[in-house]
Amino acid sequence: MNKPKLMESNKILRTTKENFIDLTLNTIYKGKQVLIFNNSKNSSEATAEKVAIANKRVENKIELEQLAQKILKSLQTPTKQCRRLAKCIQKGTAFHHSGLTGKQRTLVETNFKSGLIKVISSTPTLAAGLNLPAYKVIIKDYKRFSARGMADIPVLEFHQMAGRAGRPGKETIGRAVVLVKSEEEQDRVIKKYIFGKSEEIFSKLAVEPTLKMYLLSLISMDMINSKNEIKDFFKNTLYAKQYQDLEGLYFNVFKILQTLKGYGFIDQQDDYYRATRLGKRVSELYLNPDTANYFLENLDDLEQIFSKEIYNEYDTYKLIHFVVNAIEMRPLFRLQRSEEDIYMAKVSDLGDDMVTKYDPFEMDYRELMQTFKTSDILQDWITEKSEDDICEMYKTTPGELNYKLSNLDWLLYSLEEFAHLKKMHFFKNVIKKTRIRFKNGVKEDIISLVSIKGIGRVRARKLYSANIRSYSDIKKVSYRKLEEIIGRSVAHKLKQEIGNEYTENDTVVYQNSKPTQIKVREVSHEEVDELVATHIKYIEEEKEVIKSAEKNNSLLNYF
DNA sequence: GGACGGTGAAACTTCAGGTTGCCTC
DNA sequence: GAAGTTTCACCGTCC
């Protein structure tokens, strides 16, 4: 067997061929933790995996196994990424990037803080907002892909990462290591990142969408209303100090005010500006005014699509594609080289049929193809494709999918609000239903089933396939049959949730009553559904009464 | 001789991130 | 620029 060699410079025990693995192992074998920064998601996963394989001294195996199981169970069906993370965690190593779901990220972060996980290999996400210090930080890549090839990361970002070394209050020192390949590179890195100056920070106020959003929100909160107040406010901004071009800034501001007026979001009386009711709502929703205007301008066309008695999945696709075109959905899912032909064909087949038509001055062709890819992914989600299949097919991750879904829900909610303001009640309900579909990832036929506590997309579909299609069906079905479909414990919980418990003979024992066996009366589906509908209607009416009582400050009188 | 599987070199492809609404449990 | 993935040619084995 080969004797392990020592690196001359810093006495690191060498057991592998890669520096970062030896550095990491040496640190964790001393009982300390390591953060490794990579420049891509793939690379952060591969790095974690390499360290995990090389780690021969794993502590707290039982706790780590439990954590790995939690990671696997954090999605309805574990994806390839979940399985990879769980495997690393069994060895006390984890990766962390935007592709993980919120739940998985929290699990990794809290268990690193508690000391169970010894190593996190991450993209720069971790350096930005989180307070996760470690004894040693290894900056594996200080270059990142950009439009002009590989480029050095900014000095500020380098400091962000290196600054994670050392745990204030717990240790007196920390170490930050950057990997280089030659002495020349080492000199350059020291000069640039250790002794060099950080980049200057520039105001982004000149960027029109940002300015538009802030102007509307400042006016809507009545912080600035008159022309003089507006000028005074912007005179004191970082932008004004940096560029000294006040006249140019005022010109932009008043041009935007005209646009907002044109959108109907603000009113002007002489030199005084006020937000309209609509403008206030747009600001409250944190919507970009351009997006809000885009929604409002197309509301009638959208309503028209759903005005028929029966609408289909293609109509829903048009709605998704419409929302995907909002600026808030950017960046869209990236297009793979191998997908180009597919989406070129899709654009030519469906492009003219969508509500948002292609405008080459507004969007490049690739982006247009990406709007279709993003819509496809989102539609696959509500037609019950598994997360694993979606991630595999479109080369994406559960975290990115979740992020897009939450953005979409926010935009759909805003659209629903506008439909409400315009009294488009049927269309409002269509959006509401679509939101439930996105929340649960289901087709329309099982919406009522997923609204029951403890029933997700998988169980709902199982129930539906077994002809159990409503709340009343669940009430009627025998305990034994329910158990066969969704398992013993869920079936039990469900029966409890409903409020009565069926015996195996299909007799019912009412809660809060003597445990006598009472024969169930034969009731038709229609009869029970009617009862449930009456009950729901009653609750809705109650809510309305409470709402109006709240509005009139007469809640106490009501009760 | 053809089908099949394994191997390795060459060619091709891809590359970070994450504010904001509202509701309900 | 580098790492990962796919493609393809080549070779050996088996039927």
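Of the candidates dG21(B), dC25(B), dG17(B), the closest approach to any side-chain atom of K453(A) belongs to dC25(B). Listed nucleotides dG1(C), dA2(C), dG18(B) differ in distance to Y403(A); the shortest reach to its side chain belongs to dG18(B). You'll find that the side chain of E400(A) is closest to dG18(B), out of dA2(C), dT14(B), dG18(B). The listed nucleotides are dT13(B), dG18(B), dG4(C); the one nearest the side chain of P331(A) is dG18(B). Among dG18(B), dG4(C), dC22(B), the nucleotide with an atom closest to any side-chain atom of R435(A) is dC22(B).
Comparing Y413(A) and K41(A) by the nucleotide of DNA chain B that holds the closest heavy atom to each, the one mapping nearer the 5' end is K41(A). Residue whose closest nucleotide on DNA chain C sits further toward the 5' end, between G149(A) and T47(A): G149(A).
In summary, K41(A) and E400(A) engage in a salt bridge, as defined by a charged side-chain N under 4.0 Å from a carboxylate O.
Counting only N and O atoms by type, the side chains of Y142(A) and E185(A) include a donor and acceptor under 3.5 Å apart. S74(A) and Q104(A) share a donor-acceptor pair across their side chains, judged by distance under 3.5 Å alone. Side chains of D290(A) and Y263(A): a donor-acceptor N/O pair is present below 3.5 angstrom, by distance only. Remark: the N38(A) side chain and the S121(A) side chain contain an N/O donor-acceptor pair separated by less than 3.5 Å.
Applying the Watson-Crick and G-U wobble criteria (two distances, each under 3.5 Å), dA2(C) pairs with dT14(B).
The shortest distance between side-chain heavy atoms of Y413(A) and I431(A) does not fall below 4.5 Å.
Rounded to an integer number of Å, the gap from NE2 of H97(A) to C1' of dG18(B) is 14 Å. Rounded to a whole Å, the CG atom of L126(A) is 13 Å from the C1' atom of dG17(B). In this structure, CG of N39(A) is placed 9 Å from P of dA3(C), rounded to the nearest angstrom. One atom, CG of L415(A), and another, P of dG21(B), lie 17 Å apart when rounded to the nearest Å. Atom CD1 of I327(A) is separated from atom P of dG18(B) by 18 Å (rounded to the nearest Å). Put simply, CG on L287(A) is 13 Å from C1' on dT19(B), counting in whole angstrom units. The distance from atom CD1 of I455(A) to atom C1' of dC25(B) is 16 Å, rounded to the nearest whole Å. In this structure, CG of L100(A) is placed 13 Å from C1' of dG18(B), rounded to the nearest angstrom.
Remark: R144(A) is not in phosphate contact with dA16(B), judged by side-chain N or O atoms under 4.0 Å from OP1 or OP2. Within the structure, a side-chain polar atom (N or O) of R334(A) is placed less than 4.0 Å from OP1 or OP2 of dA16(B). For S98(A), a side-chain nitrogen or oxygen approaches OP1 or OP2 of dG17(B) to under 4.0 Å. The phosphate of dT14(B) (OP1 or OP2) has no side-chain N or O of S40(A) nearer than 4.0 angstrom. Here R281(A) reaches the OP1 or OP2 of dC22(B): one of its side-chain N or O atoms lies under 4.0 Å away. A close approach under 4.0 Å does occur between a side-chain nitrogen or oxygen of Q336(A) and OP1 or OP2 of dT14(B).
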Q: Might you work through the salt bridge (Lys or Arg N to Asp or Glu O under 4.0 Å) test for D341(A) and K346(A), ending with a clear yes or no?
A: CA-CA 9 Å; D341(A) 288 348; K346(A) 197 147 201 172; over 6 Å; no
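Between H420(A) and H425(A), the angle of the ring planes goes over 60°, which puts this pair in the perpendicular group of the 30/60° scheme. Using bins of under 30°, 30° to 60° and over 60° for the plane-to-plane angle, the ring pair F322(A)/Y294(A) lands in the parallel bin.
If you take atom P in dA16(B) and the same atom in dT5(C), they sit 13 Å apart, rounded to whole Å.
Nucleic acid contact class of E284(A) (heavy atoms, under 4.0 Å, all strands): sugar-phosphate only. The residue R330(A) sits close to a base: some heavy atom pair falls under 4.0 Å. Nucleic acid contact for S338(A): none, since no nucleic acid atom lies under 4.0 Å from a heavy atom of the residue.
A stacked arrangement is assigned to F145(A) and the six-membered base ring of dC15(B), with a centre-to-centre distance below 5.5 Å and an interplanar angle below 30°.
For N407(A) against dG18(B), a side-chain-to-base donor-acceptor contact under 3.5 Å is absent.
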Polar atoms only, N or O, under 3.5 Å: list the protein pairs with nucleotides 6-8 of chain C and their distances.
none

